[in-house]
Amino acid sequence: MMNESLAVLEPYCENEMRLLKKISKSIFLRFNEPLTKADYDDFFSIANMTLWQAYNSYDPDMGIDFDVFLRVCLKKKFSTEIRNRHRTKRIVNQMSISLDSTNEKGEECSLLDFIPSDFDTFEEVMKEQENQPYQNKVQQYLSRLSIQQVNILNLLIDGYKPNKIRQILELSSSEYADNIQIMRSYENIRILF
């Protein structure tokens with residue numbers, strides 16, 4: 001019984017998966033995306049995983065052939081991958097700053113005004129703490145927070161307002177509120193006292 005059900009995969013797996021590669025390449029060409037050799041390798045890896053996922057979720061009672069089902073699954077996976085890659089590029093482009101930039105008031109600035117600093121206010125405050133036991137408590141408190149929560153804390157210490165923090169960290173109102181609630185929870189705060 002198992003051999004009969006696996007027979008559906010044979011045409012895609014024989015000859016070093018030539019049929020799966022051919023189907024994948026024809027789908028790539030329809031996206032009109034410039035793909036490198038590394039991209040083809042990435043997408044072929046996705047195709048291999050999708051073949052197995054399609055096999056596991058395929059039901060002959062659906063009324064469509066496995067080949068059609070597999071092609072639809074591959075198109076969806078590839079489309080999602082390309083969308084995610086473009087989304088990553090947009091995020092990187094949002095962080096880009098022109099050499100001719102001006103600040104929020106429209107005044108000309110030097111490029112150094114826009115380069116993110118590695119200066120960490122909270123870390124500097126911790127270095128200046130003379131009371132060693134309190135410093136240890138603060139470090140314990142920080143170790144309980146997520147990276148996102150520490151980023152929120154640093155921005156709060158730097159004097160940013162909640163709306164600006166949400167914008168900088170790309171958080172929704174509910175995500176920000178949830179993080180603040182965790183940061184202020186008794187379970188975390190009790191360490192400081």
Side-chain angles (χ1 to χ4, degrees), residues 1-99 101 114-116 118 144-155 160-183:
M1 181 70 177
M2 184 66 154
N3 290 338
E4 291 174 17
S5 64
L6 286 175
V8 135
L9 295 176
E10 279 184 39
Y12 305 99
C13 297
E14 61 191 13
N15 294 327
E16 296 179 3
M17 304 192 95
R18 186 172 293 157
L19 179 58
L20 185 62
K21 288 179 182 177
K22 182 179 175 183
I23 293 169
S24 298
K25 190 169 184 174
S26 71
I27 294 171
F28 298 150
L29 296 175
R30 290 187 201 141
F31 285 117
N32 293 324
E33 289 289 322
L35 297 174
T36 65
K37 170 78 170 103
D39 290 331
Y40 279 110
D41 292 343
D42 290 346
F43 280 93
F44 185 63
S45 293
I46 292 169
N48 282 323
M49 290 186 311
T50 305
L51 175 63
W52 185 247
Q53 290 168 345
Y55 170 76
N56 285 325
S57 59
Y58 176 69
D59 182 6
D61 297 332
M62 288 189 289
I64 60 171
D65 185 48
F66 178 76
D67 188 65
V68 173
F69 180 71
L70 174 63
R71 289 171 190 263
V72 169
C73 292
L74 288 170
K75 285 177 191 175
K76 286 181 182 178
K77 288 284 188 177
F78 294 164
S79 175
T80 301
E81 178 66 18
I82 289 172
R83 184 196 68 222
N84 290 344
R85 287 177 180 209
H86 285 290
R87 189 176 286 161
T88 302
K89 287 179 187 175
R90 282 195 308 266
I91 291 169
V92 169
N93 287 339
Q94 289 173 356
M95 303 301 286
S96 301
I97 297 175
S98 168
L99 292 175
S101 293
F114 293 99
I115 296 175
D118 62 349
R144 297 172 76 83
L145 301 180
S146 70
I147 292 171
Q148 190 172 56
Q149 292 161 355
V150 171
N151 288 337
I152 291 171
L153 183 61
N154 283 328
L155 291 170
Y160 287 92
K161 302 289 182 203
N163 286 342
K164 189 65 175 172
I165 294 171
R166 288 197 319 261
Q167 181 184 5
I168 290 169
L169 298 177
E170 298 178 358
L171 298 171
S172 68
S173 296
S174 62
E175 288 174 319
Y176 178 80
D178 291 343
N179 280 310
I180 291 293
Q181 183 179 4
I182 292 168
M183 292 163 63

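Only a predicted model underlies this, so the values are computations on that prediction, with no experimental measurement involved.
Put simply, CG on D59 and CD1 on I64 are 10.0 Å apart, with the number rounded to the nearest 0.5 Å. I165 CD1 to N179 CG: the interatomic distance, rounded to the nearest 0.5 Å, is 11.0 Å. Between the CG atom of L171 and the OH atom of Y176 there is a distance of 9.0 Å, given to the nearest 0.5 Å. If you take CD on E14 and CG on L19, they are separated by 8.0 Å, rounding to the nearest 0.5 Å. Taking CE from M183 and CG from L153, the interatomic distance works out to 4.5 Å, rounded to the nearest 0.5 Å. Here the OG-NZ distance, from S24 to K75, works out to 12.0 Å after rounding to the nearest 0.5 Å.
Of all heavy-atom pairs spanning F69 and A54, the tightest one is CE2-O, 3.4 Å. Smallest separation of non-hydrogen atoms from L169 and Q148: CD1-O, 4.3 Å. Contact detail for I27 and R71: the closest heavy-atom pair is CD1-O, 4.1 Å. The two residues E175 and E170 make their nearest non-hydrogen contact at OE1-O, 4.2 Å.
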W52 and Y55: CA distance, side-chain angles, deciding distance, side chain to side chain contact (heavy atoms under 4.5 Å, CB included) verdict: CA-CA 5 Å; W52 185 247; Y55 170 76; 3.8 Å; yes
Take L20 and L74, measure what side chain to side chain contact (heavy atoms under 4.5 Å, CB included) needs, and give me the verdict at the end. CA-CA 10 Å; L20 185 62; L74 288 170; 4.1 Å; yes
Are L51 and C13 close enough, and set up right, to give a side chain to side chain contact (heavy atoms under 4.5 Å, CB included), and what steps lead you there? CA-CA 10 Å; L51 175 63; C13 297; 4.1 Å; yes
Run the side chain to side chain contact (heavy atoms under 4.5 Å, CB included) test on I168 and K164 for me, step by step, so that the C-alpha distance in whole Å, both residues' side-chain angles and the decisive distance to 0.1 Å come before the verdict. CA-CA 6 Å; I168 290 169; K164 189 65 175 172; 3.9 Å; yes
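Ring-plane geometry between Y12 and F66 is classed as perpendicular, the angle between the planes exceeding 60 degrees on a 0 to 90 degree scale with a lower cut at 30.
Heavy-atom neighbours of R18 CZ from other residues, nucleotides or ligands within 6.0 Å: at or below the threshold of 12.
Residues satisfying the salt bridge (Lys or Arg N to Asp or Glu O under 4.0 Å) criterion with D178, sequence neighbours excluded, are absent altogether.
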